[in-house]
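Report on the following structure.
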Protein chains: 4
Amino acid sequence: MELGMVGLGRMGANMAQRLAQGGHTVSGFDPSPEARQRVAAQGITPADSLQALVAGLSAPRVVWLMVPAGKIVDDTLDTLLPLLAKGDIVIDGGNSFYQDTLRRAQRLQEAGLHYVDCGTSGGVWGLTEGYSMMVGGADDALALLKPIFETLAPSPTTGWGHVGPTGAGHFTKMVHNGVEYGMMQAYAEGFAILERKADFKLDLHQVAQIWQTGSVVRSWLLDLTADALKQNPTMAGIAPYVEDSGEGRWTAKEALDLDVSAPVITLSLLERLRSREKDSFADKLLAAMRNGFGGHRITKE
Amino acid sequence: MELGMVGLGRMGANMAQRLAQGGHTVSGFDPSPEARQRVAAQGITPADSLQALVAGLSAPRVVWLMVPAGKIVDDTLDTLLPLLAKGDIVIDGGNSFYQDTLRRAQRLQEAGLHYVDCGTSGGVWGLTEGYSMMVGGADDALALLKPIFETLAPSPTTGWGHVGPTGAGHFTKMVHNGVEYGMMQAYAEGFAILERKADFKLDLHQVAQIWQTGSVVRSWLLDLTADALKQNPTMAGIAPYVEDSGEGRWTAKEALDLDVSAPVITLSLLERLRSREKDSFADKLLAAMRNGFGGHRITKE
Amino acid sequence: MELGMVGLGRMGANMAQRLAQGGHTVSGFDPSPEARQRVAAQGITPADSLQALVAGLSAPRVVWLMVPAGKIVDDTLDTLLPLLAKGDIVIDGGNSFYQDTLRRAQRLQEAGLHYVDCGTSGGVWGLTEGYSMMVGGADDALALLKPIFETLAPSPTTGWGHVGPTGAGHFTKMVHNGVEYGMMQAYAEGFAILERKADFKLDLHQVAQIWQTGSVVRSWLLDLTADALKQNPTMAGIAPYVEDSGEGRWTAKEALDLDVSAPVITLSLLERLRSREKDSFADKLLAAMRNGFGGHRITKE
Amino acid sequence: MELGMVGLGRMGANMAQRLAQGGHTVSGFDPSPEARQRVAAQGITPADSLQALVAGLSAPRVVWLMVPAGKIVDDTLDTLLPLLAKGDIVIDGGNSFYQDTLRRAQRLQEAGLHYVDCGTSGGVWGLTEGYSMMVGGADDALALLKPIFETLAPSPTTGWGHVGPTGAGHFTKMVHNGVEYGMMQAYAEGFAILERKADFKLDLHQVAQIWQTGSVVRSWLLDLTADALKQNPTMAGIAPYVEDSGEGRWTAKEALDLDVSAPVITLSLLERLRSREKDSFADKLLAAMRNGFGGHRITKE
């Protein structure tokens, strides 16, 4: 079927390419001319503007947004909405906060448009392995979009699903990322303990490799960890500095709002904040307090 | 090669069976006559006593202990040691605490015997899928035992390894289990958040199934979780009561001893303790304090 | 000076009484006739309506809101605003979320009114001991209100302060309560450990009493804890059920928004959520997982 | 009464001085001649050796150990034991681990000696304010020692108590310190949040001062914190590096052994470990994993 992809960064370009390879008619827009040129070589029709992109699609039009979460989604919708007509479908395939999605869906519904949210996992590996997709939206929109999800997924029947009404897709993806934070932190702590146990001189790559087959902790994240430890067993040159990209803190806050105690997901996030805190006021104050009541030595900066 | 298995519970019996199927000559002892009878049907020679087991092996004898961690290991060694001769090998395949292993290895070394520790993962699935094994011990003992590990592992070259000196195997397995606690808790929290979000009416089994293919959080534990959610989507009839079997708390304490901050592994353990605490004194005292300073209502039992 | 108190629950009535005792001219409104009658006996002029309350004050009018955080504050402002004139001052002495305060201040400022936020600690003890007050607002409003704060505080110069612009008072009070959560949980855990150590048969009230004098952990909360343990050493009849009233979760979320890792404050809140979770889905799923990979027994409900 | 103090560091010297000022006959030994000279000026009889110290005491002798926890206690007992006679009393006033105390008490009991453990709080302030003391031991020994504790405590009846059999004193002090860790971390996090909220430009010393009177979080630790913030509002020149001195990790481990979930005390300890970890392997591995699955940028060292 026909689809217009908005946003041709790595994720958007790869998804467009997987769709084109799967026999779909894909056009694409990105403000960067280089990004447009890159996809042209892969069977995707580049459009110079959102207007041109929409003009090239036949009704009901399907537009897939693959842009960073936040204001850019709203700005893109501002431009898109006047161009679209009743019955058209906009899919947000990015990591938007599900409450933003609910708000946007309301806006599109008032214009007679469908808004579908697709939480997408798979990252840089999706082009070849397929994407895991949690989709929220109305039944009739989903019925129309089925061929697209069947092509993007690892197989037509696995790795994707219509999980609920609009918002449910991004909500599920948000929690997916929260779980991911917890798993990553669990592995990281485990390998840090192994690394610190100097008397056993453990080969961390070997341990990861053993765990990859037959063990209870085998996983795709462990496969990645094994690769990372193979390439760089001592993590040389890598700063102990861990970013977070939003979903983890949304999950932590959502858990609070739902009165669910989620200590491991929450602590995984706090550890990332902590990794970026090289000059902790709390720790300085603790050192000062210890000096105050016990005369304990303060380490000078 | 020839091996005597001590302990024919599910784990020991399955390992003996996998070895027998792999062409090894396996005898086995268990205090339970029923356990001995069961393995006899699977090509394993049952022995009525440790004495008989050892008498039936040719030197250098290889005895594999698959008994619960703790005093039983020491008791078994008390009986075994006088029966063994210089150059014989005892393997502890159970979940012993690595410091107990170091102590026992010292004792066996003084008697000229080898002590090899094998941290074994794979549980009830090992018979068919193979076991993941982290092995500690001396090089010459390991060289002799190689055919055994090659048969027990998922394949001769995957899922097992000689990770270091005696103790290193159980140490690595201990940390493996710590990581497992963290991963399990991460999944459990994630699904609890999804379950609590009533307005989306999410089908947790469907979500697990989507995540199983292509997602960043796919893993063997997730496969199990999907199975559990398929059989019992609401966890009906299951008490919110989570046991722990030692390795998690050893890992948490070891991390403290090594000055490694491991909040996620540690909190995963605390959550299990918490699940068994139905009458928390701390919570009662908190309720009493709130009443004291703010006049907040106390819920009566 | 002259002040109208809106909300004559325990907190509002006590504050009005302390002000009247301090020589101020205090009137008060509460929708409950009983509440109005109660304060009339304490030298406070009851008003039948907000209209009557405002009508009885001379300009610049000072109205102190002591109503529950949330919608009631906005509703009260809806009624109050048309009654007030340029230069009048509204003080919110409740536990409002500081971002609501910022929004409300904006609204009042547009009408030429001052909005002052006073985070108030001291609870049921404030009438006799004085209130600890963190005040946010404009300098000129604060200059006018100084006599009120000097009367409400433990002494004219202690226990209160103008901490910053509007919003800063409620922000500081919010963090105060976050710290309170952490301290309470620290004590609760400590006494729970002492209580569990059965072989020492410790008298928890005695321990609290020892700590009250000379120790590093002495505090007002410990005084309360000692009282609670004296009256009810075993916490008999008290359910292990701990409410939270908003400030803790605001603090936890604010810390995330500020990228500050605050694990102890956050975990203190999660423990309260946990205390109310008697049928944890997460724990049931963990039990089911353990059964899946290790054949571990599930406890039936 | 008569007492010999072993260890004339700051704590021991101050306690000896408070006892001498209270009318007791105090002698003291320390390997450092300077330490011995210092106390001589304060009415304490210095002894050149443990032998001389014991020789100068009349039976039943009372010897108070104020030496660092660990091997030094055992070494001191090795020397002392042959010098003492049946009925003599040794008090360990230091921060020994209570299980070491139980072991040592067993040894002394076999020699007919009493062993009394006194968990001592109050640090550098004890000389003037008195010490908070949690004492474990046999009733008859305690009856004899009562005058000593009445002098050391803030008053004869407050701040000290006989909490249980030998070991109970150090156990209670250990938990006291665990609670202290939690409280300190709660304050530290609170002030760190206040400090980070740049738009309110809060004066942290002012906030601490407000909280010191009338608030729910007032405490002696807060008084110290206010002092620290007065002297150094920005914590300039202080490294964010927090030591721990044993009791916190003993408490965390003991909670695990007792199956008590103590997340706040435990996390307070982990935060201290974390403060000393400037090159976290876990964080580096997390950064490498993020790069692996999402192509996220790694920060170079």
Side-chain angles (χ1 to χ4, degrees), chain C residues 121-123 126 129-134 153-154 158-161 163-165 167-168 171-172 175-176 178-180 182-183 185-187 189-190 192-194 196-197 200-203 206-207 209-211 213-221 251 254-255 258 260 262-265 267-268 271, chain D residues 121-123 126 129-134 153-154 158-161 163-165 167-168 171-172 175-176 178-180 182-183 185-187 189-190 192-194 196-197 200-203 206-207 209-211 213-221 251 254-255 258 260 262-265 267-268 271:
Chain C
S121 181
E129 301 203 5
Y131 298 90
S132 175
M133 290 170 297
M134 302 134 249
T158 64
W160 81 278
V163 298
F171 184 86
T172 306
V175 175
H176 165 281
V179 171
E180 178 191 310
M183 291 173 68
Q185 181 69 24
Y187 285 122
E189 293 178 7
I193 296 169
L194 294 171
R196 190 66 67 81
K197 188 66 177 179
F200 285 145
K201 294 193 181 70
L202 297 162
D203 174 342
Q206 182 201 25
V207 171
Q209 220 175 10
I210 294 172
W211 291 356
T213 328
S215 92
V216 171
V217 301
R218 65 190 188 262
S219 75
W220 188 68
L221 275 169
T251 310
E254 182 72 26
L258 291 169
V260 174
V264 153
I265 291 177
L267 262 288
S268 299
E271 280 306 293
Chain D
S121 181
E129 301 203 5
Y131 297 91
S132 175
M133 291 170 294
M134 301 133 250
T158 65
W160 79 279
V163 298
F171 184 87
T172 305
V175 175
H176 166 280
V179 171
E180 178 191 311
M183 293 174 66
Q185 181 69 23
Y187 284 122
E189 293 178 7
I193 295 169
L194 294 171
R196 189 67 65 83
K197 187 70 176 178
F200 286 145
K201 293 194 182 70
L202 298 163
D203 173 342
Q206 182 201 25
V207 171
Q209 221 175 8
I210 294 172
W211 291 356
T213 327
S215 92
V216 171
V217 302
R218 64 190 189 261
S219 75
W220 186 69
L221 275 169
T251 309
E254 183 70 27
L258 291 170
V260 174
V264 153
I265 291 177
L267 261 291
S268 300
E271 281 305 293

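Any value given below was found using the heavy atoms of this structure, including those in side chains, with hydrogens, waters and symmetry copies removed. Everything numeric in this text was worked out from a predicted model, so none of it was measured. Naming: A, B, ... by sequence-line order, numbering from 1 per chain.
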Approximate separation, where rounding is to 0.5 Å, of [X] [atom1] and [Y] [atom2]:
X        : Y        : atom1 : atom2 : result
D:Ser215 : D:Gln209 : OG    : CD    : 12.5 Å
D:Ser121 : D:Trp220 : OG    : CH2   : 7.0 Å
D:Glu254 : C:Leu194 : CD    : CG    : 10.0 Å

With a 4.5 angstrom heavy-atom cut-off, could you sort out which part of C:Val207 is near chain D: side chain, backbone, both or neither?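 Contact with chain D involves the side chain of C:Val207 alone.
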So which of [options] has the largest heavy-atom pair count under 4.5 angstrom toward chain D?
options                                : result
C:Ala192, C:Gly190, C:Ala262, C:Ser268 : C:Ala262
C:Arg196, C:Lys201, C:Gln185           : C:Arg196
C:Gly130, C:Gly167, C:Gly164           : C:Gly167
C:Val216, C:Leu202, C:Ile193           : C:Val216
C:Asp203, C:Leu267, C:Leu221           : C:Leu221
C:Ser219, C:Gly182, C:Gly126, C:Ala255 : C:Ser219

In terms of heavy-atom proximity below 4.5 Å to chain C, should D:Glu180 be classed as side chain, backbone, both, or neither?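 Both parts, heavy atoms under 4.5 Å.
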Contacting region of D:Pro263 [heavy-atom separation from chain C under 4.5 Å]: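 Interface part for D:Pro263: both.
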Please confirm whether the backbone N or O of C:Val264 pairs with a side-chain atom of D:Glu189, one donor and one acceptor, at under 3.5 Å?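 Here the side-chain-to-backbone pair exists.
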Residue pair C:Phe171 / C:Met134, side-chain heavy-atom distance below 4.5 Å: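 Not in contact.
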Among the options [options], pick out the one with the most heavy-atom pairs lying under 4.5 Å from chain C.
options                      : answer
D:Gly159, D:Pro154, D:Gly161 : D:Gly159
D:Met183, D:His176, D:Gln206 : D:His176
D:Tyr131, D:Tyr187, D:Trp211 : D:Trp211

Shortest non-hydrogen separation from D:Thr172 to D:Ala168 and the atoms involved: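 Between these two residues, the closest heavy atoms are OG1-O, 2.7 Å.
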Residues in side chain to side chain contact (heavy atoms under 4.5 Å, CB included) contact with C:Ala153, at least two apart in sequence or another chain: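 Listed in chain order: C:Met133, C:Trp160.
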